[in-house]
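Model, not experiment: these values are computed from the prediction. Counting convention: from 1, in listed order, for ligands and their atoms alike.
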Amino acid sequence: MQQKSICFIGGGNMAQAIILGLLKTGYPPHLITVCDPNADKLFYFAKQGVQTQPNNAVAAQQADVVLLAVKPQLMAEVCQHLTQSAVDFSHKLVISIAAGISLARLSALLPSATQVVRIMPNTPALVSEGMAGLYASPSLDIELKTFAENLLSAVGKTCWVEKEEHMHTVTAASGSSPAYFFLLMEAMQNAITDLGFDQETARLLIQQSALGAAKMVIENPEISLTTLRENVTSKGGTTAAALDIFAQHDLSTTVQQAIHACIQRSQEMETLF
Ligand SMILES: NC(=O)C1=CN([C@@H]2O[C@H](COP(=O)(O)OP(=O)(O)OC[C@H]3O[C@@H](n4cnc5c(N)ncnc54)[C@H](OP(=O)(O)O)[C@@H]3O)[C@@H](O)[C@H]2O)C=CC1
Ligand SMILES: O=C(O)[C@@H]1CCC=N1
């Protein structure tokens with residue numbers, strides 16, 4: 001993979017996942033700079049061999065790629081500071097991982113930026129099992145498009161979306177969804193420990209079953225999810241008893257409503273920040 005200097009504006013949960021994932025692939029730490037107001041975070045990154053810089057503008061000016069990893073509600077303030085500091089983005093790739101911040105908004109906030117990619121990653125990038133949706137305008141330089149794709153492919157899977165509006169759905173399907181799975185596993189762990197199992201054993205039983213189920217799905221693309229579920233559900237057996245409770249509480253509708261709420265919040269953020 002081509003190696004460019006990358007400046008992460010924001011060193012929080014998502015940036016950490018991407019950076020640590022990249023370091024595991026051998027990406028040179030000296031080519032990564034992290035900017036964050038938290039000295040503790042900068043100290044942590046420095047221990048990983050990564051460059052740190054408290055001043056966003058200084059770091060951005062020196063980097064080939066500027067990856068914006070601050071909360072959406074801070075994006076305007078952060079970008080306005082970069083613009084006011086006369087950072088010239090005309091020869092840089094700008095990547096934004098912020099939910100709900102459109103390319104048009106980014107271009108308005110960074111007028112000199114002409115090469116911008118939106119990426120919706122997720123935190124499993126930390127263990128090289130991330131899922132990232134990408135969107136860019138058709139005018140994006142192909143070399144930079146390839147770099148952005150290869151960067152996230154180094155820490156998981158990637159897919160390009162044709163329409164920017166699809167990034168809302170990507171956010172619901174993969175950006176936020178690790179939390180859905182963590183919630184289910186959390187509820188299962190609580191139920192199993194309530195039955196007298198210790199936390200560790202309960203966690204082992206659940207995490208390995210979740211991993212196994214995911215691998216069954218990945219390694220059997222020709223088998224539908226419905227069939228995989230049915231193959232566990234012996235007629236009149238224990239699984240059917242559990243699934244009946246899920247059906248009684250209309251889990252499918254609840255999941256649909258949660259996905260739609262995620263999308264609606266992403267759309268709302270697009271109008272707010
Ligand atoms: N978390 C996730 O799973 C995902 C997050 N994202 C997106 O990534 C972005 C970051 O989210 P997340 O990592 O969860 O948030 P975090 O709050 O964990 O990280 C943001 C970091 O930016 C820092 N920060 C605040 N102001 C500045 C500034 N002016 N300059 C530099 N850094 C600053 C924050 O410091 P402080 O804490 O002091 O404010 C914090 O350390 C968001 O836009 C989110 O939508 C996208 C996909 C998944
Ligand atoms: O919750 C959020 O807004 C961010 C974006 C997707 C996952 N976390």
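When all heavy atoms of Ile119 and Met167 are compared, the closest pair comes out as C-CE, 3.9 Å.
For the side chain to side chain contact (heavy atoms under 4.5 Å, CB included) criterion with Leu82, the lone passing option out of Leu109, Val94, Asn56 is Asn56. For the side chain to side chain contact (heavy atoms under 4.5 Å, CB included) with Ile95, the qualifying choice from Val66, Leu68, Val116, Leu151 is Leu151, the only one to do so.
Between atom 21 (C) of ligand 1 and the options Leu68, Ile97, Asp36, the minimum heavy-atom separation is to Asp36. Of the listed options Ala98, Gly100, Pro178, Ser176, Ser176 places a heavy atom closest to atom 1 (O) of ligand 2.
Every atom of ligand 2 with a heavy atom of Gly175 under 4.0 Å away is listed here by number and element: 6 (C), 7 (C). Atom numbering of ligand 1 starts at 1 in the shown order; those under 4.0 Å from a heavy atom of Leu74 are 25 (C), 26 (N). Close approach of ligand 1 to Gly10 (heavy-atom distance below 4.0 Å) involves ligand atoms 22 (O), 31 (C), 32 (N). Taking a cut-off of under 4.0 Å to the non-hydrogen atoms of Asn38, the atoms of ligand 1 that pass are 35 (O), 36 (P), 37 (O), 38 (O), 41 (O). Interface atoms of ligand 1 facing Asn56, defined by a heavy-atom separation under 4.0 Å, are 28 (C), 29 (N), 30 (N), 31 (C). Less than 4.0 angstrom separates some heavy atom of Ala69 from each of these atoms of ligand 1: 9 (C), 10 (C), 20 (C). Those atoms of ligand 1 with a heavy atom of Lys41 less than 4.0 angstrom away are 37 (O), 40 (C), 41 (O). Heavy-atom proximity to Cys35, at under 4.0 Å, picks out these atoms of ligand 1: 31 (C), 32 (N).
Scanning all protein heavy atoms for the shortest distance to atom 47 (C) of ligand 1 gives Pro121 O, 3.3 Å. The shortest contact between atom 19 (O) of ligand 1 and any protein heavy atom is with Gly12 CA, 3.2 Å. Looking from atom 27 (C) of ligand 1 to the surrounding protein, the closest heavy atom is Pro37 CD, 3.8 Å. Nearest protein heavy-atom neighbour of atom 5 (C) of ligand 1: Met14 CB, 3.7 Å. From the protein, the heavy atom lying nearest to atom 29 (N) of ligand 1 is Val78 CG2, 3.4 Å. Among protein heavy atoms, atom 15 (O) of ligand 1 sits closest to Lys71 CG, 4.2 Å. Nearest to atom 43 (O) of ligand 1 among the protein's heavy atoms is Val70 O, 2.7 Å. For atom 45 (O) of ligand 1, the closest non-hydrogen atom of the protein is Ala99 N, 3.1 Å. Of the protein's non-hydrogen atoms, Ala99 CB, 3.9 Å is the one closest to atom 5 (C) of ligand 2.
When the side chains of ILVMFWY residues are joined at heavy-atom separations under 4.5 Å, either directly or via intervening members, Ile9 and Leu144 end up in two distinct hydrophobic clusters. Linking Ile, Leu, Val, Met, Phe, Trp and Tyr residues whenever their side-chain heavy atoms come within less than 4.5 Å leaves Val50 and Val58 in two separate clusters. Hydrophobic clustering of Ile, Leu, Val, Met, Phe, Trp and Tyr side chains at less than 4.5 Å, counting indirect connections, unites Val170 with Tyr135. At a threshold of 4.5 Å between side-chain heavy atoms, the hydrophobic network of Ile, Leu, Val, Met, Phe, Trp and Tyr places Phe273 and Leu110 in one connected group. Hydrophobic clustering of Ile, Leu, Val, Met, Phe, Trp and Tyr side chains at less than 4.5 Å, counting indirect connections, unites Leu134 with Phe8.
Proximity of atom 11 (O) of ligand 1 to the protein is not indicated, since no non-hydrogen protein atom lies closer than 4.0 angstrom.
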- Report the C-alpha separation of Glu268 and Arg265 in whole Å, then their side-chain angles, then the decisive distance to 0.1 Å, and conclude whether the salt bridge (Lys or Arg N to Asp or Glu O under 4.0 Å) test is met. CA-CA 5 Å; Glu268 182 185 45; Arg265 178 58 181 163; 2.5 Å; yes
- Query: Going through the checks in order, is the side-chain contact (heavy atoms from CB on, under 4.5 Å) test met by Leu106 and Arg118?
  - Reply: CA-CA 9 Å; Leu106 290 162; Arg118 283 191 64 192; 4.2 Å; yes
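Of the possible donor and acceptor atoms, one in the side chain of Gln115 sits under 3.5 Å from a partner among the backbone N and O of Asp141. No donor-acceptor pair closer than 3.5 Å links the side chain of Ser266 to the backbone N or O of Cys262.
At most 12 non-hydrogen atoms from other residues, nucleotides or ligands lie less than 6.0 angstrom from NZ of Lys157.
Residue contacts with ligand 1 for Met120 involve side-chain atoms from C-beta outward but no N, CA, C or O (heavy atoms, distance under 4.0 Å).
Residue Asn122 has no N or O atom closer than 3.5 Å to an N or O atom of ligand 1.
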